[in-house]
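Below, all heavy atoms of this structure are taken into account, side chains as well, without hydrogens, waters or symmetry copies. Letters A, B, ... mirror the listed sequences (proteins, then strands); counts begin at 1.
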Number of protein chains: 2
Amino acid sequence: MRRTESTTRRVAVYTDGACLDNPGMGGWAWVLPDGPYESGFDSRTTNNRMELMAVIRALEALAGFGNIEVVTDSRYVSSCFEERWWEGWERRGWKTASRKPVKNQDLWRPLVGRVLDGGVTFRWVKGHRGNFWNEFADSQANEAARMQTSNRSKIMDSPGWEERYLASRDAKEKQGTPTDELGGDPFEGSTQLF
Amino acid sequence: MRRTESTTRRVAVYTDGACLDNPGMGGWAWVLPDGPYESGFDSRTTNNRMELMAVIRALEALAGFGNIEVVTDSRYVSSCFEERWWEGWERRGWKTASRKPVKNQDLWRPLVGRVLDGGVTFRWVKGHRGNFWNEFADSQANEAARMQTSNRSKIMDSPGWEERYLASRDAKEKQGTPTDELGGDPFEGSTQLF
RNA sequence: UGACACCUACUAAC
DNA sequence: GTTAGTAGGTGTCA
């Protein structure tokens, strides 16, 4: 089941979760820079579950891409893979280092499985530090939590949108407008296509 | 060192701090209703330090009163005593609940000490909600911050002014003009004596 | 003990 | 609408 790397081009997806009153009303969102995004909510959840949901739903929606970089501001999410927490969990039968059951296993188990299938990497960015797409995902997750509403870009209903997204992204990068870097204004010289 | 309650009559002192650009140019002020007031400034400070300074300088200037009610609109100040934050700080060696050093210890430590000596209580009022003396203190603190100047009522140089303040306040209250209540205009039927 | 996130509250400003 | 100064807390892991 291991996927071939670079059958498709790499995409970076920004994910974030929000939770009012933690535990409380939650929201999650993922977004492709200058591309489609999706958000959802839960009426009673935790911040960490929403961070996980954002990643899980992103990987589902982006199944058409072979190489996905998940950008999150949650160490809870990124460290699981970057520091290989999941190896200890499996070795100990899904117990933490202090021998208590790992929380949120209903979300962690499928996610770990999907990541082991390959084609998924993680990048951590500090939250609220001016990373435009991280903050965009944050605002979408917050709106979803606050309004208890979902959003989904219509473009994802039309087949082949992945190739068109990659093409438009490459065109913009040739113009010298990187869509994936910290600090730069990704709207500069570009149009929101989706 | 615990003071005897009601050796002297109770006074309410309104304190406030202001800060332009936080951190930036700051000012503080305290005021006794229809009585003396004092203000001061700092060229580079924070809003919270100015709120603390207002209380500290008030308690110094009002040492002649045995029972002082400090009226502030800062939860940062009032909650320290009303919710006993200081107990946790001392228990944890002046660390916050998240194990980081308590900020502004140079101001907090002497203030906590003074309050523990007794005769000081706190009352919180919401800022900018029409409490006349809170807003008066606010305007004095703002002027001090903006002009970087100090003010101090001359009456405080004449000995025994405390008793005269209490007498004049009681006379006004007999006229039915409470000087210490929210919403009422304390200038109604009264003259600024100091 | 550390880290990150998610909040809640008040104030101060822009 | 935004940011900063500050505290209290929970969600989670090593």
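Atom CG of Asn22(B) is separated from atom C1' of dT2(D) by 14 Å (rounded to the nearest Å). One can place CE of Met53(B) at 17 Å from C1' of dG5(D), the figure rounded to the nearest angstrom. Whole-Å rounding puts the Leu20(B) CG to dT3(D) P distance at 20 Å. Atom P of nucleotide dC13(D) and atom CD of Glu82(A) are separated by 18 Å, given to the nearest angstrom. With rounding to whole Å, Leu52(B) atom CG is found 15 Å from U11(C) atom P. Atom-to-atom, CG of Asn47(A) to C1' of dG11(D) comes out at 4 Å; the value is rounded to the nearest Å. Rounded to an integer number of Å, the gap from CE of Met25(A) to P of dT10(D) is 20 Å. Separating the CD atom of Glu83(B) from the C1' atom of A9(C) is a distance of 9 Å, rounded to the nearest angstrom.
Nearest to the side chain of Trp124(A), among C4(C), dG11(D), A12(C), sits C4(C). Nearest to the side-chain atoms of Pro23(A) among the listed nucleotides dT10(D), A13(C), dC13(D) stands dT10(D). Of all nucleotides listed (C6(C), dA4(D), G2(C)), G2(C) comes nearest to the side chain of Arg99(B). Of the candidate nucleotides dA7(D), A12(C), dG8(D), dG8(D) has the atom lying nearest to any side-chain atom of Ala97(B). The side chain of Arg75(B) lies closest to C10(C) when the candidates are C10(C), A13(C), dT6(D). Residue Tyr76(A) places its side chain closer to dC13(D) than to any other of A12(C), A13(C), dC13(D). Among A12(C), dA7(D), dG8(D), the nucleotide with an atom closest to any side-chain atom of Asp73(B) is A12(C). For Ala18(B), the side-chain atoms get nearest to A13(C) when compared with the rest of A5(C), A13(C), dT12(D).
Using a 4.0 Å heavy-atom criterion, one finds that Ser79(A) contacts no nucleic acid atom at all. The residue Arg92(A) sits close only to the backbone: its heavy atoms come under 4.0 Å of sugar-phosphate atoms, none of a base. Counting any heavy atom pair closer than 4.0 Å across all strands shown, Trp86(A) reaches no nucleic acid atom. Within the nucleic acid shown, Gly17(B) comes within 4.0 Å of sugar-phosphate atoms alone, with no base atom in reach, counting heavy atoms only. Heavy atoms of Val77(B) sit nowhere under 4.0 angstrom from any nucleic acid atom. The residue Gly26(A) sits apart from the nucleic acid: no heavy atom pair falls under 4.0 Å. Heavy atoms of Asn48(A) sit under 4.0 angstrom from at least one base atom. Among the atoms of the strands shown, only primed sugar atoms or phosphate atoms (P, OP1, OP2) are found under 4.0 Å from some heavy atom of Asn142(A). Contacts of Asp138(B) with the nucleic acid, taken as non-hydrogen atoms under 4.0 Å apart, involve only primed sugar atoms and P, OP1 or OP2. Within the nucleic acid shown, Thr96(B) comes within 4.0 Å of sugar-phosphate atoms alone, with no base atom in reach, counting heavy atoms only.
Within the 4.5 Å cutoff, side-chain heavy atoms of Phe81(A) are placed close to those of Leu111(A). Annotation: side chain of Met156(B) is not in contact with side chain of Tyr37(B) (no heavy-atom distance under 4.5 Å). Proximity of Tyr76(B) to Leu52(B): side-chain heavy atoms (C-beta onward) are separated by under 4.5 Å at one or more points.
Positionally, the nearest nucleotide of DNA chain D for Trp85(B) lies more toward the 5' end than for the other of Trp89(A) and Trp85(B). Between Glu135(A) and Arg49(A), the one whose closest nucleotide on DNA chain D sits nearer the 5' end is Glu135(A).
The only option from Trp89(B), Trp86(B), Trp108(B) that meets the ring-ring contact (aromatic ring centres under 6.0 Å, His included) definition with Trp94(B) turns out to be Trp89(B). None of Lys172(B), Arg164(B), Arg169(B) except one satisfies the salt bridge (charged side-chain N to carboxylate O under 4.0 Å, His left out) rule with Asp34(B); the exception is Lys172(B).
Within the 4.0 Å cut-off from OP1 or OP2 of C6(C), at least one side-chain nitrogen or oxygen of His128(A) is found. Contact annotation: Lys100(A) does not reach the phosphate of dC13(D) (side-chain N/O to OP1 or OP2, under 4.0 Å). Phosphate contact (OP1/OP2 of dT6(D), side-chain N/O of Thr46(B), threshold under 4.0 Å): present.
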Problem - Thr96(B) and Ser98(B): CA distance, side-chain angles, deciding distance, side chain to side chain donor-acceptor pair (under 3.5 Å) verdict - result: CA-CA 5 Å; Thr96(B) 67; Ser98(B) 42; 3.3 Å; yes
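Note: the hydrophobic cluster containing Val31(A) does not contain Phe41(A) (ILVMFWY, side chain heavy atoms under 4.5 Å, direct or indirect links).
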